[in-house]
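First the structure, in the form of structure tokens, and then the observations on it.
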Amino acid sequence: MALVESFTALLDQSQTFIKSSEKQMEVLCTEGTVPTIINLITDNENASALQLTLTKLEKVPIVGHGMGRKCKIVQPMTIEEAINRIKSHLGLPYVRLALAHGAKLDNLVKSVAACAGSGSSVLRGNSADLWLTGEMSHHEVLDAIHQGTTVILTDHSNSERNFLKTLQPRLYSALDQKVQVLISEKDRDPLEVV
């Protein structure tokens, strides 16, 4: 296990992430760390018994950043304007709205916290005029509006689906344009309002 300890020491020196067991080790690292890792392997006689998977980290994760985003709006808009923009952008006939206590549709939105899917765990604790996500539980919505935050819910998959138009060309390019990447024309939210 001395090899694993040597690799672990790299954690303080670079963006290196290690997942290991007795016989396997997976290392996710930047390109600059690769020579150090190769030296550790060649200098350690126990390395031959270990299955090593080395993956180059293309973009270093930013510490403290996750799936959600929070922003201040340069030109504030009303809640009603935000609703209309969201519906238009996502191609939705409706969204669900929970106004913050005392808020009205003409109140200004100056900050937004957003997370696709079921974002309450990501949004919780973030102070913003508006939370935008796919779904939240009843009690999570009540907590948000009591804290002074308006909530807009688009339904889970509706908050994710529109990104496919952005992802498609990126994925096609990442696959060296050798794989045709299609967006389903039949995919839709499994839930409907009746």
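Here salt bridge (Lys or Arg N to Asp or Glu O under 4.0 Å) pairs that include residues 130-153, with residues two or more places apart or in two chains, are R124-E140. The ring pair (Phe, Tyr, Trp, His ring centres under 6.0 Å) analysis of residues 173-194, with sequence neighbours excluded, yields no pairs. The list of salt bridge (Lys or Arg N to Asp or Glu O under 4.0 Å) pairs with a residue in residues 111-123, not counting sequence neighbours, is empty. Sorted by first and then second residue, the side chain to side chain donor-acceptor pair (under 3.5 Å) pairs involving residues 82-91 (not counting sequence neighbours) are H89-N162. Residue pairs meeting the salt bridge (Lys or Arg N to Asp or Glu O under 4.0 Å) criterion with at least one member in residues 156-165, sequence neighbours excluded, are R161-D187.
Nearest heavy-atom pair, W131 versus A144, reported as atom, atom and distance to 0.1 Å: CZ3-CB, 3.6 Å. Nearest heavy atoms, T150 versus A100: OG1-N, 3.1 Å. What you find for T149 and A128 is that their closest heavy atoms are OG1-O, 2.9 Å. Smallest separation of non-hydrogen atoms from S159 and T133: CB-C, 4.4 Å. Contact between L99 and A103 at its shortest, heavy atoms only, is CD1-O, 3.7 Å.
Connection of L97 to M136 is not established within any shared hydrophobic cluster, with ILVMFWY side chains joined at heavy-atom distances below 4.5 Å, either directly or through further cluster members. Linking Ile, Leu, Val, Met, Phe, Trp and Tyr residues whenever their side-chain heavy atoms come within less than 4.5 Å leaves I79 and L142 in two separate clusters. The hydrophobic cluster containing L132 does not contain L123, counting ILVMFWY residues as joined when their side-chain heavy atoms lie under 4.5 angstrom apart, directly or transitively. Residues V95 and L191 do not share a hydrophobic cluster, defined by chaining ILVMFWY side chains whose heavy atoms lie under 4.5 Å apart. Cluster membership for M77 and L90, using ILVMFWY side-chain heavy atoms within less than 4.5 angstrom, is shared.
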N/O donor-acceptor pairs under 3.5 Å from side chains in residues 104-115, not counting sequence neighbours:
residue : atom : partner : partner atom : Å
N107    : OD1  : K104    : N            : 3.0
S111    : OG   : D129    : N            : 3.0

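Cluster note: V74 groups with no other residue, as no ILVMFWY side-chain heavy atom lies under 4.5 Å from it. Grouped with L175 in one hydrophobic cluster are L171, Y172, V179, V181, the linkage being side-chain heavy-atom contacts under 4.5 Å among Ile, Leu, Val, Met, Phe, Trp and Tyr residues. If you chain together ILVMFWY residues whose side-chain heavy atoms come under 4.5 Å of each other, L164 ends up grouped with F163, L167, I183.
Under the ring pair (Phe, Tyr, Trp, His ring centres under 6.0 Å) criterion, H146 pairs with H101, sequence neighbours left out. Qualifying salt bridge (Lys or Arg N to Asp or Glu O under 4.0 Å) partners for D176, counting only residues two or more places apart in sequence or in other chains: none. For E185, there are no salt bridge (Lys or Arg N to Asp or Glu O under 4.0 Å) partners, not counting sequence neighbours.
Note: I73 CD1 to L130 CG = 7.5 Å, rounded to the nearest 0.5 Å.
Annotation: side chain of R96 is not in contact with side chain of V151 (no heavy-atom distance under 4.5 Å). In this structure, the side chains of S157 and P190 come closer than 4.5 Å at one or more pairs of heavy atoms.
Atom CD of Q177 has more than 12 neighbouring heavy atoms from other residues, nucleotides or ligands inside a 6.0 Å radius.
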